[in-house]
Amino acid sequence: MSATSPEQMHAISADTRHTVEDVLEYARRRALYENVPLDKPMSPRDLERLASASITAEGIGARRAIALFENVLAPACVSTDHPGYLSFIPSAPSKASLAFDVVVSASAIYGGSWMEGAGAVYAENEVLHWLAREFGLAPGAGGVFVQGGTVGNLSALVTARDAARRRAIHDGRPAPARWVVVCSAEAHSSIASAAAVMDVDVVTAPVDHAGRLRGDAVARVLDEHGDAVFAVVATAGTTNFGIVDDIAGVGAVARERGVWFHVDGAYGLAAMLVERMRPLFVGVELADSVIVDPHKWLFAPFDACALIYREPELALPAHTQKAEYLDTLTGKPDWNPSDLAVQLTRRARGLPLWFSLATHGTQQYRDTIEYGIDLARRIADEIAGRDGLSLVRDPQLSVVVFRRDGWRLADYEAWSAKLLDEQQAFVVPSSHAGEPVLRLAIISPLTTFELLTGILDTLA
Ligand SMILES: *Cc1c(COP(=O)(O)O)cnc(C)c1O
């Protein structure tokens, strides 16, 4: 039995010094990989064989634990920042942002309150205010970085329902038997998930031939459901296709009826930073709340969603947690990020984006996002011109959906598995209108036209 003392893990001893240095050295190496390995998952059985028994009474030591992570566990995780990772929505954190994420970890900042995290919260707010201006929101808009788009959408909708309840009470109207949120059938699954958590109903309005939710479709649903509707959600870039709803039309109807207007731009709203794309996003300025995920197209590491309210004060009654031990925080007019979303303790998860933006400037962001849009256009034209491939729809943003003529789901799956097995790329089949399709989601500026045509070649 080795002798232990309570402060052993925290003391600045030779041992802890080595542990910190070894970890940071590994982080440095990973951050500076010239070629990120794509890697792939491993079966539970293989992991059991190679990686079990790391948790022991005495500990296995930092060296062995790092080696286990580097040699077994990390290679069993697909690298979402690999340029050939084109499934779902890839991540492509800038080197500055991922390095600064380590600083956030080393700094033990409590990002929930101004009293504890003023400096960090100030810097995060600088980013949120910049985004709010870009989205055309009036001064006074503000918000909080939450874990992801799912939590962002949930938090916004909770605020929306709270506001609707208050309005009903104020107007002397009874609350509806069931509250309703309206979105398109193409809206992200997190809206239905939020509705389930909130125990409210989702009513979907039909989309037009281009897959867009329009004002007239929303108006018809509002005619039918009236005061039961507490929010209308428009999507600024669907996840599967990158389709941007008719935000101006939907927003105008929501405004006219006095219903909360939420814009889910988790993936696509970043494209609004590109000047020539702005017409697509007209109407975002009407939003009562918007979200965009920095861990998607703003080149920040997992995980962060910027949730911005037109009137942040409206979120306070919905989200401020009351408890005796919190009284010292809640009695003050301070800007407390915890009061704006469904969370209390929070990592200052906006800081990696703040640092990278401060380092590189906003123009670099605009240019890097535009690169992805241009590359999507180019590869879509290439697909349209190749025999045996058909484009399902022209890309609006940076998602390209197409078919390999004559293939069934099993063909796509076998092809996808082989591509990953050979460590060329990670492209999983998606589906559209009940048909399997292939989908390339482009985020990384390291994804090249040649890499993409190399993938197309394997479909011949
Ligand atoms: C990704 C996405 C979400 C969910 O965001 P998470 O960060 O994965 O929770 C919500 N809406 C849209 C449109 C998305 O693309």
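We count ligands from 1, going down the list as the structure has it; atoms in each ligand are counted the same way.
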Check: F241 ring centroid to H432 ring centroid under 6.0 Å
yes
Surrounding OH of Y122 (heavy atoms of other residues, nucleotides or ligands, distance under 6.0 Å), is the total greater than 12?
no
Check whether more than 12 heavy atoms from other residues, nucleotides or ligands sit under 6.0 Å from atom CG of D405, and answer yes or no.
yes
Note down each nitrogen or oxygen pair, ligand 1 side and protein side, whose separation is under 3.5 Å; give only atom names and the distance to 0.1 Å.
{"from": "ligand 1", "atom 1": "5 (O)", "to": "G149", "atom 2": "N", "distance (Å)": "3.3"}
{"from": "ligand 1", "atom 1": "5 (O)", "to": "D293", "atom 2": "OD2", "distance (Å)": "3.3"}
{"from": "ligand 1", "atom 1": "7 (O)", "to": "G149", "atom 2": "N", "distance (Å)": "2.7"}
{"from": "ligand 1", "atom 1": "7 (O)", "to": "D293", "atom 2": "OD2", "distance (Å)": "2.7"}
{"from": "ligand 1", "atom 1": "7 (O)", "to": "H295", "atom 2": "NE2", "distance (Å)": "3.0"}
{"from": "ligand 1", "atom 1": "9 (O)", "to": "G149", "atom 2": "N", "distance (Å)": "3.2"}
{"from": "ligand 1", "atom 1": "9 (O)", "to": "T150", "atom 2": "N", "distance (Å)": "2.8"}
{"from": "ligand 1", "atom 1": "9 (O)", "to": "T150", "atom 2": "OG1", "distance (Å)": "2.7"}
{"from": "ligand 1", "atom 1": "11 (N)", "to": "D264", "atom 2": "OD1", "distance (Å)": "3.1"}
{"from": "ligand 1", "atom 1": "11 (N)", "to": "D264", "atom 2": "OD2", "distance (Å)": "2.6"}
{"from": "ligand 1", "atom 1": "15 (O)", "to": "T239", "atom 2": "OG1", "distance (Å)": "2.8"}
{"from": "ligand 1", "atom 1": "15 (O)", "to": "K296", "atom 2": "NZ", "distance (Å)": "2.9"}

For a quick check under 3.5 Å, do S184 and D245 share a side-chain donor-acceptor pair by atom type?
no
Would R386 and E382 pass as an ion pair if we require N to O under 4.0 Å?
yes
Using 30° and 60° as the class limits, which term best fits the ring planes of F302 and H295: parallel, tilted or perpendicular?
perpendicular
